[in-house]
Amino acid sequence: MTGAPGAGEARTEGAAGAAGFGAFVARAHAAGSLVVQPRMGMSRPALMRAGLLATRRATATTVGTVTIDSYTRTGDIAAARRAVAEGRDLNGYPLTCYGPGTTREVLGGVAGPRFPVQVRHGSPRPEHIVRALLAAGLTATEGGPVSYCLPYSRVPLADAVRSWERSCRTLAEARGQGPEPHLETFGGCMMGQLCPPGLLVAISVLEALFFRRHGLRSVSLSYAQQTSPAQDEEAVTALGRLAAELLGDTEWHLVIYTYMGVFPRTAGGAALLQRDAARLAVRTGAARLIVKTAAEAHRIPSVEENVAALESTYRQAGLEQRERTAPPADTGIYAEARALVEAVLCLDADPGRALVRAFARGYLDVPYCLHPDNARRSRSCLDGAGRLQWADAGAMPVGRRPAGGPAALDSAGLLRALGRVSAEYDRRAATGPAGGTPPAPGRPPDTAARTGPGPPRPRDTTAAASRLR
């Protein structure tokens with residue numbers, strides 16, 4: 001791939017791109033182009049098709065998203081079917097209700113080698129979704145046995161692990177029959193916010209190893225933008241380093257999520273936050289970015305708002321590629337994440353069983369997560385620079401908090417911390433030019449600005465210890 005077509009320029013389909021979602025992103029990244037992706041799901045087939053078409057036609061390098069509705073995510077297919085029969089709108093696309101024929105019509109002439117589409121869902125038991133997306137001709141999805149269990153359900157972790165094992169095998173069985181199946185871990189987005197980055201990095205890596213164990217050979221590892229740009233740069237660099245060490249025989253890339261917590265309420269604040277997400281992706285060599293819009297704090301965005309955000313963010317990424325920056329300071333995130341990964345994988349040769357045992361022993365413990373299988377002993381806090389730290393790590397092997405460090409958050413402190421990013425970016429937008437303003441949506445001035453060389457991707461091929469293989 002040599003770059004994204006401009007407005008009105010046709011994207012021709014062909015067999016050359018049949019390698020799948022991961023290969024498309026890899027080609028774009030090699031050409032210096034950040035892939036931008038919306039969060040999008042409509043319940044009516046015609047609207048879903050229109051959203052995908054608009055995303056494909058955007059002046060950016062894009063991939064499509066079909067986000068599944070809540071009924072389908074939780075397995076309440078009867079409720080989803082009633083809603084469809086009654087003509088009620090849902091908060092996503094009810095993939096299992098329409099059947100493969102309808103979904104193939106939605107995708108026909110839209111999805112293809114030059115515009116792969118990913119199914120996003122949120123299900124701790126995704127087997128029905130995986131079967132349905134494969135029947136419709138799709139091979140890319142996301143989630144994970146931990147990341148789609150603990151934050152979103154009360155399903156026992158062991159049950160989610162078994163369901164995800166079966167789902168991975170079902171995806172892997174499609175290898176060689178069409179585009180290469182691709183699975184993205186949601187592990188870098190646990191609870192969306194206030195989770196120290198060493199744990200996010202570790203869970204993302206562990207879920208990727210779980211996917212590989214069950215047959216997947218094309219994966220992506222996620223990280224959600226948090227409270228400190230400098231800390232985020234260090235964390236994503238650590239994630240890429242661990243992926244290079246442990247996934248050397250697997251096609252992989254990094255994906256950044258724009259902040260998953262309380263979003264700025266002003267358009268200016270939202271634009272500044274999205275700009276920093278693009279900067280994070282470019283500076284760390286990430287290949288893909290999940291984009292949000294200025295409507296995020298208020299309502300579900302329109303298709304037009306999504307396209308405007310994709311184009312503006314893509315332009316910003318092109319500008320960021322021209323900057324040279326020093327590598328992030330090392331404050332120990334890589335060492336912490338690796339210690340967590342090693343502690344988990346030492347529990348069992350099978351990553352799924354190791355994950356269940358790790359949570360049972362508190363070796364993994366997500367702060368403020370109320371799932372019954374989470375130890376609930378860990379607590380996070382923000383230091384004076386806005387960096388996430390451990391106030392109490394519980395039984396996790398990440399060292400102890402130094403004396404005199406930030407205290408654990410009380411209820412009032414927790415609420416302030418949850419709203420900190422929103423308030424800070426709205427304040428920055430209101431006080432004027434410090435930080436600048438992202439460029440307006442529109443066509444970049446030239447192809448070179450969109451496809452010129454980007455920062456090097458972290459691809460250390462150093463072999464890891466045998467127990468991590």
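Side chains included, hydrogens not; waters and symmetry mates left out as well; all remaining heavy atoms used.
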Using a distance-only test with no angle check, is there a side-chain donor-acceptor pair under 3.5 angstrom linking [X] and [Y]?
X: Glu180; Y: Ser218; answer: no
X: Gln316; Y: Thr313; answer: no
X: Glu234; Y: Tyr334; answer: no
X: Arg175; Y: Gln177; answer: no
X: Gln118; Y: Glu184; answer: yes

Please walk me through it: do Glu296 and Arg39 pass salt bridge (Lys or Arg N to Asp or Glu O under 4.0 Å)? CA-CA 11 Å; Glu296 181 71 25; Arg39 302 163 75 238; 3.3 Å; yes

Specify whether Tyr257 and Phe186 have parallel, tilted or perpendicular ring planes, treating 30° as the upper limit for parallel and 60° as the lower limit for perpendicular. perpendicular

Point-to-point distance, once rounded to the nearest 0.5 Å, from [atom1] of [X] to [atom2] of [Y]:
X: Leu200; Y: Met190; atom1: CG; atom2: CE; value: 8.5 Å
X: Phe21; Y: Arg288; atom1: CZ; atom2: CZ; value: 4.0 Å
X: Ser204; Y: Leu199; atom1: OG; atom2: CG; value: 11.0 Å
X: Gln225; Y: Cys189; atom1: CD; atom2: SG; value: 11.0 Å

Tell me which one of Asp232, Thr185, Thr284 satisfies side chain to side chain donor-acceptor pair (under 3.5 Å) with Tyr223. Asp232

Nearest heavy-atom pair of Ser43 and Pro94: which atoms, and what distance? O-CD, 3.5 Å

Where is the tightest heavy-atom contact between Phe359 and Val366, given as atom of each residue plus distance?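 That closest heavy-atom pairing would be CE2-CG2, 4.2 Å.
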
Ring centroids only, cut at 6.0 angstrom: are His121 and His128 within range, meaning strictly under it?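 That pair fails the under 6.0 Å test.
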
Neighbour count >12 (heavy atoms, 6.0 Å) for atom OH, Tyr363: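 At most 12 heavy atoms, drawn from other residues, nucleotides or ligands, come within 6.0 Å of this atom.
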
Within 6.0 Å of CZ in Arg265, more than 12 heavy atoms from elsewhere: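 For Arg265, atom CZ is not crowded (no more than 12 foreign heavy atoms under 6.0 Å).
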
Full working for side-chain hydrogen bond (donor to acceptor under 3.5 Å, both in side chains) between Arg387 and Thr331: CA-CA 11 Å; Arg387 298 170 68 96; Thr331 67; 3.0 Å; yes

With a distance cut-off below 6.0 Å to the six-membered ring centre and an angular limit of 45° from the axis, does Arg428 pair with Tyr425 as a cation-pi contact?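 Yes, Arg428 sits over the ring of Tyr425.
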
